[in-house]
Protein chains: 2
Amino acid sequence: MASSRREHLVDTALELFSREGYHATGIDRILAEAGVAKMTLYNHFKSKDELILAALRRRDERFRNWFMRAVEGRAKTPRARLLAIFDVLQEWFDSKEFNGCTFINASAEFGRPDDPIHGACAEHQQLVQGYLGELAAAAGATDPEALAGQLMLLMEGAIVMRHTAGRRDAAIKARGAAEILVERALD
Amino acid sequence: MASSRREHLVDTALELFSREGYHATGIDRILAEAGVAKMTLYNHFKSKDELILAALRRRDERFRNWFMRAVEGRAKTPRARLLAIFDVLQEWFDSKEFNGCTFINASAEFGRPDDPIHGACAEHQQLVQGYLGELAAAAGATDPEALAGQLMLLMEGAIVMRHTAGRRDAAIKARGAAEILVERALD
DNA sequence: CCAAATATATACAGACTTGTATGTATCGAA
DNA sequence: TTCGATACATACAAGTCTGTATATATTTGG
């Protein structure tokens with residue numbers, strides 16, 4: 001398969017970047033873990049930054065896919081889905097491979113707003129908030145974007161409180177706040 | 001002065017770590033910027049990690065001091081102070097030297113929960129939330145810790161939305177959500 | 001004023017970084 | 001089965017990293 005190695009390389013890189021960080025993970029480590037030669041990497045990507053970007057794109061695609069399916073599988077009405085968000089988040093937090101948000105972490109290491117890597121992180125957040133906006137609109141919110149923005153604040157806040165502060169119940173607490181905000185927004 | 005160089009070293013390190021990141025900032029860069037010899041650093045700190053810890057301690061002290069004073073200078077009643085939090089946050093976001101939260105960023109690079117650096121970040125969050133709890137109690141909340149937890153979620157969420165997603169009005173939006181939560185918690 | 005503590009500059013060790021160069025082997029399709 | 005693309009291993013360049021060693025200079029306290 002032509003691009004099978006490329007895929008495997010991106011997967012391995014994503015895994016290591018998420019666990020160990022971006023600067024802390026060297027190219028050689030990724031290659032050893034993936035069992036791929038260095039020239040194969042530089043044949044597919046022109047630099048480490050390009051590999052990071054590919055890993056972030058994959059993470060974005062996978063995460064949003066998983067997230068949307070999980071939310072929609074867990075609750076049927078649009079309103080219930082606005083709250084199910086936080087049950088799904090909590091499930092993520094409880095999983096063994098939780099290492100914080102890939103994008104929050106990446107934008108911490110690549111802090112300049114004009115860095116393409118930082119831009120990819122902003123784009124991801126935009127897409128997630130867009131999804132929340134769709135849910136809010138389906139639930140009949142008068143100002144779907146405003147509600148989505150509020151829920152987004154709670155989501156990101158929960159991720160930080162789980163990862164940085166180690167609060168295991170961060171998403172449950174966020175759900176409590178979301179219930180109040182959703183109730184207020186839907187009347 | 002005995003510890004004047006140490007202080008200057010920590011200040012310079014904090015500045016560079018905040019702007020450029022922790023792994024991305026080399027010891028030599030800090031020394032050059034501070035105008036200090038390498039042996040002076042290793043006389044005061046036994047490793048780079050120790051210097052990072054010292055920088056985080058200084059940042060925690062300075063930030064909480066500034067934050068509490070700013071909140072209390074901006075509003076007089078406990079209830080108003082619970083909302084003034086977000087005005088102060090917005091002021092921070094608008095400042096030129098905003099590079100995200102030092103502690104969120106550090107815990108992104110030092111992701112293992114048992115890492116002392118990660119621990120220092122968790123401690124900082126705990127102290128900030130403690131302050132919010134005091135404000136909530138003074139405002140007469142029936143469950144001050146619960147309200148503090150909710151406001152903390154909005155605070156951290158706002159920081160992420162400002163830094164990672166580039167939302168310049170993140171704190172203003174968070175204030176809107178906080179108004180609803182505070183109103184609900186104080187009756 | 002002298003002695004002890006502290007800071008200095010320079011050099012270095014040893015490991016690590018990204019990216020390139022080179023020659024060999026493997027694999028898929030014509 | 002032969003040709004071309006792709007992947008391989010190895011070596012290397014040129015620079016970075018943290019931390020140590022050494023010898024000289026400066027500052028500070030008694």
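Every chain is numbered from 1 and lettered A, B, ... according to where its sequence line falls, protein lines coming before strand lines.
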Q: Between D:dT20, C:dG19, D:dC8, spot the one nearest the side chain of A:Ala37, thanks.
A: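 Minimum distance to the A:Ala37 side chain belongs to D:dC8.
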
Q: Identify the residue among B:His124, B:His163, B:Glu156 that makes a side-chain contact (heavy atoms from CB on, under 4.5 Å) with B:Ile104.
A: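 Passing option: B:Glu156.
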
For atom [atom1] of [X] and atom [atom2] of [N], their distance in whole Å:
X       : N      : atom1 : atom2 : value
A:Tyr22 : C:dT17 : OH    : P     : 17 Å
B:Ile27 : C:dT17 : CD1   : C1'   : 17 Å
A:Tyr42 : D:dA7  : OH    : C1'   : 16 Å
A:Lys38 : D:dC12 : NZ    : P     : 14 Å
B:Leu31 : D:dT16 : CG    : P     : 15 Å
A:Asp28 : C:dT20 : CG    : P     : 14 Å
B:Lys46 : D:dT18 : NZ    : C1'   : 13 Å
A:His8  : D:dA7  : NE2   : P     : 14 Å

Can a side chain N or O of [X] be found less than 4.0 Å away from OP1 or OP2 on [N]?
X       : N      : answer
B:His23 : C:dT17 : no
B:Thr40 : C:dT8  : yes
B:Arg5  : D:dT27 : no
A:His44 : D:dA7  : yes

(Q) If only side-chain N and O atoms count, and only distance matters, is there a donor-acceptor pair under 3.5 Å linking B:Glu61 with B:Asn65? (A)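 Looking only at side-chain atoms, B:Glu61 and B:Asn65 do not form any donor-acceptor pair under 3.5 Å.
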
(Q) Test your reading of the model: is there a side-chain donor-acceptor pair from B:Asn105 to the backbone of B:Asn99, 3.5 Å cut-off? (A)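 Answer holds: yes.
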
Q: Quick one: label A:Asn43 by what it contacts on the DNA or RNA (base, sugar-phosphate, nothing), any heavy atom closer than 4.0 Å.
A: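 Sugar-phosphate contact only.
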
Q: Give the ring-plane orientation class for B:Phe67 versus B:Tyr131, where under 30° counts as parallel, over 60° as perpendicular and anything between as tilted.
A: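 Plane angle over 60°, so perpendicular.
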
**Q.** Shortest non-hydrogen separation from B:Phe86 to B:Ala171 and the atoms involved
**A.**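 Nearest pair, atom of B:Phe86 first, then B:Ala171: O-CB, 3.4 Å.
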
Q: For B:Met39 and for A:Gly26, find the nucleotide of DNA chain C with the closest heavy atom, then tell me which residue's nucleotide is more 5'.
A: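 Result: B:Met39.
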
